[in-house]
Amino acid sequence: MQAHLAAREIACRRGDRLLFRGFSADLRAGDALHVTGPNGCGKSSLLRIMAGLLHAEAGVVERTGSLGLIDERAALAENRTLEQALNFWKRLDEVPGRPTPVLATLDLDHLRHIPVRYLSTGQRKRAALARLLSQNAAIWLLDEPLNGLDDGGIGVVAQLVTGHRAAGGVCVITSHRPLDLPGVQRCDLTRFAA
Amino acid sequence: MGTALLLLRRDLAQFAPGGGNGASALPLLFFLAVVVLYPFAVGPDAALLARTGGGVVWIAALLAAFLPLDRLVLPDLTDGTFDQFALRGIAEESVLTVRIVAHWLSFAPLLLLATLVAAALFGLEQAQLTYLLLGLLAGTPGLAALGVMIAALIAGVRSGPALGGLLFMPLAVPLVIFGAGSLVRLEPAAIWLTGAVSLALFALAPFAGGAAVRAAREG
């Protein structure tokens, strides 16, 4: 897996407010970065800039490898069953047809025939993680991945991230909760507040 | 091509009647309700019905295409689906082009069938019915393109649906003029012009809509 994510001197403006400036990071295979900071300091915006979904006020982002993003929205069709909704993304990502035990890993097996609209917040988060897992992306951008998850789910996220890094992937996580991940770089975004 | 087919299948599951979404048969039912009510409203004057019926079918078709407007783009924008497409390098323009096709497939073929019912109710002659069907066949792709374009434009705006109606109606005027106009003198030229307007809208809509989706994402 080829994965490299470099951000240089990123500045972010929302409306007429400059949220942060001068943020830099260089992540290579196996690296993980945990971005912390209070609500509204620009963690999500930083992640969306890294994903190329938002223009940075200044600075450049360089990426090698495919991108996977988890945020507060699951991006799963509400009226399809969980399995149908996940299969759409799986086919779109053209992941070779090995029957990945993704649903079992995330404890979603019993929900596969349930329409997405009936899923709870935590189950949606697990479903989004299932989408990410079957995407096989090199760079993971996780925006508050622990929100809504129970203790078991939080353990699973830690496992998944560790596995992803072991496979040579890169991971950026925003969370105001402590993360129990060995060797993760921590970065307080308020240091770059403008 | 594989991607386009996947998108089309997903969109049809969302929009086509019987796709697990009860609201999707509404355009057809709405169309039928209008054409059934019209003879009651203007009275049983056969000559009047035959003369004006075609125009009413056009208005009903236009409103039927407009009905699902709030479901065409907004849900995918709010639930992050467009972001996930962007991450995978799938352009908004491609997504919206497929969506126009899916929107058309979900209302137009049934509407053409329902036009046969309308023709019977209004006592339209064979030639009029032929021109009505050909006109709708040429015009409904334009209505579908217009619907998706407006849906994308209003997706990032508060009080969007009301604005959608205001934007949709004037832009649909050329289609109605040429489409319904073909019924007056039964001229093929008007059908060709309807088709031309449709083509222009179909060519423009994905780009206008794509820019709108990107703007909404930045907002």
Side-chain angles (χ1 to χ4, degrees), chain A residues 12-15 44-45 47-57 61 63 65-81 84-95 113-119 124-125 127-128 131-132 134-141 143, chain B residues 1-26 68 70-92 94-95 98-99 102-103 106 155-156 158 210-219:
Chain A
C12 169
R13 180 190 292 279
R14 301 298 284 155
S44 298
S45 298
L47 230 57
R48 291 178 68 76
I49 287 172
M50 284 176 164
L53 295 171
L54 208 60
H55 282 295
E57 177 77 1
V61 178
R63 290 176 295 258
S66 51
L67 278 170
L69 171 75
I70 295 278
D71 55 17
E72 78 277 19
R73 304 160 309 167
L76 296 169
E78 294 280 321
N79 63 332
R80 317 296 316 270
T81 66
Q84 289 170 329
L86 286 172
N87 272 342
F88 166 72
W89 290 109
K90 195 174 159 191
R91 294 207 185 98
L92 200 64
D93 293 326
E94 287 171 5
V95 185
H113 299 304
I114 306 288
V116 172
R117 65 175 178 276
Y118 293 134
L119 300 185
R124 275 163 197 267
K125 189 64 89 179
R131 166 167 54 70
L132 177 73
S134 62
Q135 187 188 349
N136 220 4
I139 302 171
W140 282 9
L141 303 171
D143 190 5
Chain B
M1 198 57 217
T3 305
L5 278 178
L6 267 174
L7 288 174
L8 184 64
R9 273 180 51 186
R10 174 182 178 278
D11 285 357
L12 282 176
Q14 302 285 351
F15 303 127
N21 194 338
S24 38
L26 274 180
D70 57 336
R71 296 188 296 118
L72 285 177
V73 173
L74 186 61
D76 278 357
L77 197 66
T78 48
D79 81 357
T81 300
F82 270 111
D83 288 350
Q84 295 293 336
F85 286 143
L87 290 182
R88 290 158 173 81
I90 302 170
E92 288 78 13
S94 321
V95 179
V98 171
R99 187 139 310 171
H103 178 36
S106 71
R158 254 187 291 265
V213 168
R214 281 190 294 276
R217 178 182 293 142
E218 289 275 335

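Just so we're clear, the structure is a prediction, and the values are computed from it rather than from any experiment. Computed from heavy atoms alone, side chains included, the values below leave out hydrogens, waters and symmetry copies. Just so we're on the same page: letters track the sequence lines, and every chain starts at 1.
- Contact annotation: the side chain of A:Arg73 never approaches that of B:Thr78 to less than 4.5 Å [non-hydrogen atoms, C-beta and beyond].
- Heavy-atom minimum distance, A:Phe88 versus B:Leu7: CZ-CD2, 3.8 Å.
- Within the 3.5 Å criterion, the main-chain N or O of A:Ile70 finds no donor-acceptor partner in the side chain of B:Gln84.
- Between A:Arg91 and B:Arg9 the shortest side-chain heavy-atom distance falls below 4.5 Å.
- Only the side chain of A:Gln135 comes within contact range of chain B, judged by heavy atoms closer than 4.5 Å.
- A:Leu53 and B:Ala86 get closest at one heavy-atom pair: CD2-CB, 3.7 Å.
- Residue A:Leu141 does not touch chain B at all, counting heavy-atom pairs closer than 4.5 Å.
- Note: B:Phe85 and A:Trp89 have tilted aromatic rings, judged against thresholds of 30 and 60 degrees for the angle between ring planes.
- Only the backbone of A:Ala74 has a heavy atom closer than 4.5 Å to any heavy atom of chain B.
- For B:Arg88, the part lying near chain A is the side chain, with the backbone staying farther off; criterion is any non-hydrogen pair under 4.5 Å.
- Side-chain contact between A:Leu92 and B:Thr3 is present, with heavy atoms from C-beta onward closer than 4.5 Å.
- Here the CG atom belonging to B:Leu87 is positioned 10.0 Å from the CG atom belonging to A:Asp93, to the nearest 0.5 angstrom.
- For the side chain to side chain contact (heavy atoms under 4.5 Å, CB included) test, residues two or more places apart in sequence or in another chain that qualify with A:Thr81 are A:Glu83, A:Gln84.
- Listed by chain and number, the residues in a salt bridge (Lys or Arg N to Asp or Glu O under 4.0 Å) with A:Arg14 amount to none (sequence neighbours excluded).
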